[in-house]
Number of protein chains: 2
Amino acid sequence: MKLEIITKTENQDIQKGIIANIRELISYKNLEPGDKLPSERMLSEKFGVSRSNLREAIQKLEFYGILNSKPQSGTFIANIGAIAMDGMLEDILRLEEPGFKSLVETRILLELKTVRLAALRRTDEDLKVLKEAIDAYETKVRAGKDAVQEDLLFHLAIARASGNSSMNTFMLIITPEIITNFEKYHVCDSNQSLLGIQEHTEIYNAIRDQNPQLAKEKMKIHFKTLYQYCYHTDDIKID
Amino acid sequence: MKLEIITKTENQDIQKGIIANIRELISYKNLEPGDKLPSERMLSEKFGVSRSNLREAIQKLEFYGILNSKPQSGTFIANIGAIAMDGMLEDILRLEEPGFKSLVETRILLELKTVRLAALRRTDEDLKVLKEAIDAYETKVRAGKDAVQEDLLFHLAIARASGNSSMNTFMLIITPEIITNFEKYHVCDSNQSLLGIQEHTEIYNAIRDQNPQLAKEKMKIHFKTLYQYCYHTDDIKID
DNA sequence: CAAACCAATCTGGTTAACCAATTTCAGAAG
DNA sequence: CTTCTGAAATTGGTTAACCAGATTGGTTTG
């Protein structure tokens with residue numbers, strides 16, 4: 001267990017090292033957008049790492065849109081300019097794993113928007129899925145069972161109905177961590193869950209009636225009680 | 001060029017196919033959190049795909065927190081419950097590439113929050129970086145040069161100062177696409193850029209003075225002019 | 001009978017060999 | 001001298017072999 005964690009962070013460290021090396025290389029050689037990076041074999045030898053490690057790092061930078069590799073041709077620098085790229089690389093290198101507080105903060109931010117967009121854009125199909133999610137949640141709660149998952153599914157369904165792929169993706173990214181932390185800290189007891197039924201229904205109704213302002217209001221309320229339970233305080237500003 | 005694109009989307013398609021297969025397997029075998037998936041070799045044979053393709057798919061699901069693979073042991077189902085997992089898998093399978101509109105929408109959402117948090121939490125170090133970014137932007141614009149990159153760097157610096165890793169990451173993810181699209185559609189002309197100097201400075205001052213409300217207001221103004229130029233309309237609601 | 005042990009086996013991860021498409025450039029053709 | 005050609009070298013991607021650690025099941029031992 002301990003060992004596994006060590007090797008994983010170790011692995012991340014060498015990946016960051018590789019990215020730092022690539023950054024240096026680009027800066028040193030004054031590589032510009034469209035220029036080709038040296039081949040993977042050459043770089044892996046130069047940096048003293050395995051080709052697969054190097055490939056992973058390149059793929060990460062590809063994910064962030066900084067590099068761009070073409071089969072049988074080479075890895076190229078994306079068309080975003082040297083200055084922006086250097087800034088991004090610095091950020092990527094300094095980024096750390098988000099804590100629970102960051103996650104919740106981001107989740108609230110996203111959901112106050114997705115619920116608004118969902119009210120504006122929801123299709124009848126979206127509405128059907130939302131209803132199913134809400135029913136599954138209610139059934140589970142009334143049976144006295146834990147319904148964290150069903151809760152999250154309802155919220156994910158809202159994200160889907162928002163019609164914004166980016167926000168949907170971001171919600172998906174933070175959801176598992178949220179679930180894990182909620183279960184770890186036993187955030188939702190049964191009273192809270194029962195209250196949740198009503199709140200969910202009100203949110204659903206607002207989306208159904210295509211009333212974005214009301215939907216946002218109801219979501220605020222939903223999060224406020226959650227916050228109160230979670231932190232035993234209500235001094236956290238939501239806006 | 002054409003071929004490359006085809007193979008890339010093709011590659012994504014088989015990855016989605018694999019994920020769909022995994023989903024079916026989990027459902028069919030009623031696998032629960034903590035259960036072990038069959039070995040990679042077995043699955044690759046069963047699905048009729050190469051092991052490397054399968055590994056990529058697994059890594060993607062690991063990114064979304066659904067799976068969890070331990071070296072020399074196996075790939076395990078994360079602790080998020082069957083129902084939530086199935087819903088997430090469905091979302092992952094249906095997700096499409098975000099369009100420009102989604103990106104801008106999400107960017108505005110994120111930035112109206114990061115600028116507020118930055119005003120609340122910025123350190124002196126953050127302030128220094130922000131000042132440098134703003135100066136670089138001004139220098140470039142006054143020289144009559146394109147300054148899209150410097151613009152974005154200022155905004156990324158705000159995200160960093162917000163102290164929220166999630167939002168910082170998300171900004172990094174959408175930034176390259178934004179840059180590409182801005183340059184493609186020639187969003188920023190020189191008049192716009194000159195106006196941007198003042199707007200940036202006002203945002204900076206609000207952050208420096210730790211006035212979150214004002215910072216948000218100034219950011220709104222910044223985006224409004226951007227929107228007007230971008231879409232030749234001002235009927236888009238920002239809130 | 002239960003606990004300790006050990007070797008055979010299975011695991012994800014890593015490395016090296018291979019592939020097909022691309023690029024390059026010497027040299028032939030005009 | 002320029003242009004075309006085609007074979008060799010180079011490229012990222014893919015496959016197969018290999019590795020070290022974990023698991024497992026039977027055997028031994030107290």
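Within every chain, numbering begins at 1; the chains are lettered A, B, ... in the order of the sequence lines, protein sequences first and strands thereafter. Owing to the predicted nature of the structure, the values given are computational and were not obtained by experimental measurement.
B:K46 is linked by a salt bridge (charged side-chain N to carboxylate O under 4.0 Å, His left out) to nothing, counting only residues two or more places apart in sequence or in another chain. For B:R55, the side-chain hydrogen bond (donor to acceptor under 3.5 Å, both in side chains) partners at least two apart in sequence or on another chain are B:E40. For B:Q149, the side chain to side chain contact (heavy atoms under 4.5 Å, CB included) test picks out A:I83, A:A84, with sequence neighbours left out. Residues meeting the side chain to side chain contact (heavy atoms under 4.5 Å, CB included) test with A:R41, sequence neighbours left out: A:S39, A:R51. Not a single salt bridge (charged side-chain N to carboxylate O under 4.0 Å, His left out) links A:E56 to another residue, sequence neighbours left out.
Among residue pairs with one or both ends in residues 154-177 of chain B, those qualifying as salt bridge (Lys or Arg N to Asp or Glu O under 4.0 Å) are A:E90-B:R160, A:D91-B:R160; sequence neighbours excluded. Within the structure, side-chain hydrogen bond (donor to acceptor under 3.5 Å, both in side chains) pairs that include any residue of residues 73-87 of chain A comprise A:R23-A:D86 (at least two apart or interchain). Within the structure, no pair that satisfies the salt bridge (Lys or Arg N to Asp or Glu O under 4.0 Å) test touches residues 161-173 of chain A, not counting sequence neighbours. Within the structure, the salt bridge (Lys or Arg N to Asp or Glu O under 4.0 Å) test picks out no pair touching residues 24-39 of chain A (sequence neighbours left out).
Straight-line distance from the CD atom of B:E56 to the C1' atom of C:dG13: 15 Å, rounded to whole Å. In this structure, CZ of A:R41 is placed 7 Å from P of D:dG12, rounded to the nearest angstrom. Distance, B:I14 CD1 to D:dT14 C1': 11 Å, rounded to whole Å. Note: CG (B:L37) to P (C:dG12) measures 9 Å, nearest angstrom. Distance A:I58 CD1 to D:dG12 C1': 9 Å, rounded to the nearest Å. The distance between atom CG of B:L54 and atom C1' of D:dA16, rounded to the nearest whole Å, is 16 Å. Look at CZ on B:R55: it is 9 Å from C1' on C:dT14, rounded to the nearest Å. The CZ atom of B:R51 sits 11 Å away from the C1' atom of D:dC18 (whole-angstrom rounding).
Donor-acceptor pairing under 3.5 Å is recorded for the side chains of A:N53 and A:S50.
A sub-4.0 Å separation between OP1 or OP2 of D:dT11 and a side-chain N or O of A:S39 is present. Taking only side-chain nitrogens and oxygens, B:T75 never comes nearer than 4.0 Å to OP1 or OP2 of C:dT11. Listed pair B:S69 / C:dG13 meets the phosphate criterion, a side-chain N or O lying under 4.0 Å from OP1 or OP2.
Of the candidates C:dT15, D:dG12, C:dG12, C:dT15 carries the atom nearest the A:S50 side chain, counting heavy atoms from C-beta on.
Interface residues of residues 42-49 of chain B facing DNA chain C, ordered by number: none; criterion, heavy-atom separation under 4.0 Å. Residues from residues 21-32 of chain A placing a heavy atom under 4.0 Å of any atom in DNA chain C do not occur.
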Pick out the pairs of N or O atoms, protein on one side and nucleotides 23-25 of chain C on the other, that lie under 3.5 Å.
none

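A:S52 comes within contact range of at least one nucleobase, with a heavy-atom separation under 4.0 Å.
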inquiry  = Between A:N68 and A:I77, does the side-chain contact (heavy atoms from CB on, under 4.5 Å) criterion hold? Intermediate values first, please.
reply    = CA-CA 6 Å; A:N68 198 324; A:I77 296 185; over 6 Å; no
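Across the interface with DNA chain D, nearest-nucleotide mapping of B:F76 and A:E40 shows A:E40 to be the residue nearer the 5′ end.
In this structure, B:I58 and B:I18 have side chains that are not in contact, with every pair of non-hydrogen atoms separated by 4.5 Å or more.
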